[in-house]
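Worksheet: one structure, shown below.
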Amino acid sequence: KVVSPSSYRISRILSVLLPARAPYWRTACSTAITMRWDCSVEVLNAAEAPPFPVNERADQVAENTRLQYRYLDIRRERMQRNIRLRASVNSAIRRAMEEQGFVEVETPMLVPSTPEGAREFIVPSRQQPGSFYALPQSPQLFKQLLMVAGIDRYYQIARCLRDEDLRADRQYEFMQLDAEMSFVSQDDVHRAIGNAVVAAARAAGQEPGEIVKITWHEAMNRFGVDKPDLRFGIELTELTDVFAGTEFKAFAGAACIKGINAVGKADDYGRNKLDAMTYKAKKMGAKGLVWLKVTADGFDSPVAKFLSETESAALRSTFNAVAGDLILIVADEWMTPCEVLGQLRNDIGRPPVHEGPYRYLWVVDFPLFEWNEEEKRWDAEHHPFTMPHHEDIPLLDTDPGKVRALCYDLVCNGLEMASGSIRIHRSDIQAKVFNLLGISEEDQSDRFGHILDAFAYGAPPHGGIA
């Protein structure tokens with residue numbers, strides 16, 4: 001029993017007895033005790049000393065130990081903050097979606113096997129020995145069936161399960177915001193999901209700013225990747241015209257020549273690092289990598305002597321290069337310089353993903369098909385239900401490689417956060433896509449029959465994202 005303690009003493013006692021994660025209890029108790037002046041402390045339960053300190057020093061404890069005592073690990077302020085932040089973000093997403101007329105629908109967890117490309121977890125049926133359920137990779141087919149059913153704005157914070165190798169941004173089970181809308185364009189999907197993204201970001205204490213939009217072709221041309229990080233300024237520059245009449249064999253006759261200028265980085269890259277970058281470029285499919293360190297007198301590079309004075313001057317002018325800059329050049333077919341320099345750009349300039357500012361963008365107009373050189377056939381860039389641009393539909397019969405898809409990715413700081421598309425709802429277009437992908441009528445019926453049958457009863461134009 002404590003008789004007439006000072007308010008300071010009360011607060012000191014409470015700071016020991018009550019955890020920092022419950023400030024509302026501390027405030028309430030402090031007020032009550034200060035007003036009453038005397039109080040008693042009752043021991044409700046005895047506790048052993050924890051196997052590790054329940055504070056931020058627990059980060060230094062072996063992960064297996066922390067997981068073994070997860071209930072103690074979650075007492076830490078950081079873990080409590082993560083869980084509460086996740087709840088706040090989910091709540092913000094739900095409010096944003098419901099304010100836009102979306103209906104939350106929970107889809108089944110025990111489903112038939114679906115042809116979505118990932119390995120499924122299988123659950124045996126006790127009542128039917130030898131039969132199995134699959135756990136859902138995503139609600140993709142269910143949400144498209146909901147469009148046929150007249151639920152014109154669906155969303156779900158869905159649990160997905162995939163028996164795949166672990167990645168930095170995906171475990172065996174993960175959660176995703178899943179949405180589908182009827183009678184919409186891709187701009188309508190972007191607006192709706194953009195509102196949810198902004199709400200979630202603000203719940204996490206960010207102000208995301210404008211979500212910009214660029215085409216896939218522009219992303220590849222400028223950044224060399226289809227999920228560009230906009231936080232730093234190194235961009236790919238077209239150099240094909242600069243070397244149009246070159247006598248330098250490495251560039252002569254190349255279909256595409258591109259370069260990047262790592263401003264002020266020349267001194268950071270000695271010969272060992274440059275050799276490592278060259279090896280990486282070759283491993284990615286390039287014939288080689290040309291590097292030039294800019295000096296006050298010209299270029300420090302093994303290939304500088306092969307460049308004419310006109311080419312050297314044009315190169316400096318194109319990049320606005322000054323002493324201390326490092327120029328990297330790749331010549332090949334268009335895709336190879338893009339991909340190689342895009343990777344080197346990230347290696348040189350990309351900050352850790354969690355460092356602000358957070359830069360969001362939509363990447364649109366991906367190719368509908370990707371040519372599989374090994375098997376000499378077309379593959380779907382996203383999935384076989386993606387609608388082509390309406391003006392590109394005639395190209396399905398003449399030049400499939402030029403068909404643009406009505407699909408889109410949401411990217412933040414170089415990471416793909418979401419992917420979606422406008423779906424095919426016309427049977428004639430769906431048949432053409434299946435034929436180009438080499439999917440026989442028998443396989444179409446076996447693999448996609450349940451959704452194709454549903455579409456026969458009037459599927460509206462629809463699109464979505466996850």
Side-chain angles (χ1 to χ4, degrees), residues 21 23 74 76-104 138-139 143 153-160 167-171 173-181 184-216 218-219 222-223 225-233 346 349-364 366 407-421 463-466:
R21 63 179 176 275
I74 292 176
R76 295 192 299 129
E77 184 176 354
R78 176 184 175 189
M79 299 302 297
Q80 290 275 324
R81 185 171 63 246
N82 289 348
I83 290 172
R84 295 177 190 278
L85 174 60
R86 181 188 180 92
S88 297
V89 167
N90 283 352
S91 179
I93 289 172
R94 284 192 165 93
R95 284 195 302 272
M97 299 301 282
E98 288 163 6
E99 287 170 359
Q100 299 178 91
F102 284 82
V103 178
E104 184 172 13
S138 79
K143 67 182 182 180
R153 287 199 167 203
Y154 144 91
Y155 89 98
Q156 181 182 189
I157 299 179
R159 186 176 297 278
C160 304
R167 291 188 269 169
D169 59 350
R170 181 172 294 170
Q171 302 175 42
E173 56 177 306
F174 58 93
M175 305 291 286
Q176 65 184 30
L177 169 62
D178 202 76
E180 198 79 8
M181 307 165 65
V184 292
S185 68
Q186 64 177 359
D187 289 337
D188 296 323
V189 179
H190 296 168
R191 276 191 293 271
I193 299 304
N195 289 337
V197 168
V198 169
R202 287 174 176 164
Q206 304 171 17
E207 188 55 50
E210 180 188 7
I211 303 180
V212 301
K213 188 179 299 186
I214 64 174
T215 67
W216 172 85
E218 181 184 354
R222 292 177 56 191
F223 305 104
V225 293
D226 59 8
K227 42 183 179 292
D229 191 330
L230 303 184
R231 292 174 297 165
F232 62 105
N346 281 340
R350 188 181 181 195
V353 67
H354 60 275
E355 286 188 6
Y358 292 85
R359 300 288 302 278
Y360 296 82
L361 76 152
W362 290 104
V363 180
V364 301
F366 285 78
C407 63
Y408 32 83
D409 285 354
L410 178 65
V411 177
C412 176
N413 292 6
L415 284 182
E416 177 191 315
M417 295 184 67
S419 185
S421 70
I465 198 166

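This chain uses plain numbering: 1 for the first residue, then up along the sequence. Side chains are part of it too, since the values below use all heavy atoms of this structure and drop only hydrogens, waters and symmetry mates.
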Within the 4.5 Å heavy-atom criterion, are [X] and [Y] side-chain neighbours or not?
{"X": "Ile74", "Y": "Gln80", "result": "yes"}
{"X": "Tyr360", "Y": "Gln206", "result": "yes"}
{"X": "Leu230", "Y": "Val411", "result": "no"}

Do other residues, nucleotides or ligands put more than 12 heavy atoms under 6.0 Å from Arg170 CZ?
yes
Taking atom [atom1] of [X] and atom [atom2] of [Y], what is their separation to the nearest 0.5 Å?
{"X": "Thr215", "Y": "Phe366", "atom1": "OG1", "atom2": "CZ", "answer": "9.5 Å"}
{"X": "Asp187", "Y": "Lys213", "atom1": "CG", "atom2": "NZ", "answer": "4.0 Å"}
{"X": "Gln186", "Y": "Ile193", "atom1": "CD", "atom2": "CD1", "answer": "13.5 Å"}
{"X": "Ile465", "Y": "Met181", "atom1": "CD1", "atom2": "CE", "answer": "10.5 Å"}
{"X": "Ser419", "Y": "Tyr408", "atom1": "OG", "atom2": "OH", "answer": "8.5 Å"}
{"X": "Glu77", "Y": "Arg84", "atom1": "CD", "atom2": "CZ", "answer": "10.5 Å"}

Where at least one partner belongs to residues 350-361, residue pairs that pass salt bridge (charged side-chain N to carboxylate O under 4.0 Å, His left out), sequence neighbours excluded
Asp229-Arg350
Of Gln176, Met175, Glu180, the one forming a side-chain contact (heavy atoms from CB on, under 4.5 Å) with Asp178 is Gln176
Between [X] and [Y], what is the shortest heavy-atom contact and its length?
{"X": "Val353", "Y": "Tyr358", "result": "O-CE2, 4.3 Å"}
{"X": "Ala179", "Y": "Met97", "result": "CB-CE, 3.9 Å"}
{"X": "Leu85", "Y": "Ala204", "result": "CD1-CA, 3.6 Å"}
{"X": "Val184", "Y": "Gly463", "result": "CG2-N, 4.0 Å"}
{"X": "Trp216", "Y": "Val363", "result": "CA-CG1, 3.8 Å"}
{"X": "Ala92", "Y": "Ala199", "result": "CB-O, 3.6 Å"}

All side chain to side chain donor-acceptor pair (under 3.5 Å) counterparts of Ser88, not counting sequence neighbours:
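With neighbours one apart ignored, the set is empty.
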Between [X] and [Y] (side chain of the first, backbone of the second, donor and acceptor by atom type, cut-off under 3.5 Å), is there such a pair?
{"X": "Glu104", "Y": "Tyr154", "result": "no"}
{"X": "Lys227", "Y": "Met417", "result": "no"}
{"X": "Lys143", "Y": "Tyr155", "result": "no"}
{"X": "Asn90", "Y": "Ala87", "result": "no"}

Using side chain to side chain donor-acceptor pair (under 3.5 Å) as the criterion, point out the one residue from His190, Gln100, Glu99 that pairs with Asn195.
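Among the candidates, only Gln100 passes.
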Val197 and Leu177: side chain to side chain contact (heavy atoms under 4.5 Å, CB included), yes or no, with the steps?
CA-CA 10 Å; Val197 168; Leu177 169 62; over 6 Å; no
One pair to check against side chain to side chain contact (heavy atoms under 4.5 Å, CB included): Trp362 and Leu410. What are the steps and the verdict?
CA-CA 5 Å; Trp362 290 104; Leu410 178 65; 3.7 Å; yes
Test log, rule side chain to side chain contact (heavy atoms under 4.5 Å, CB included), inputs Phe232 and Asn346:
CA-CA 9 Å; Phe232 62 105; Asn346 281 340; 3.6 Å; yes
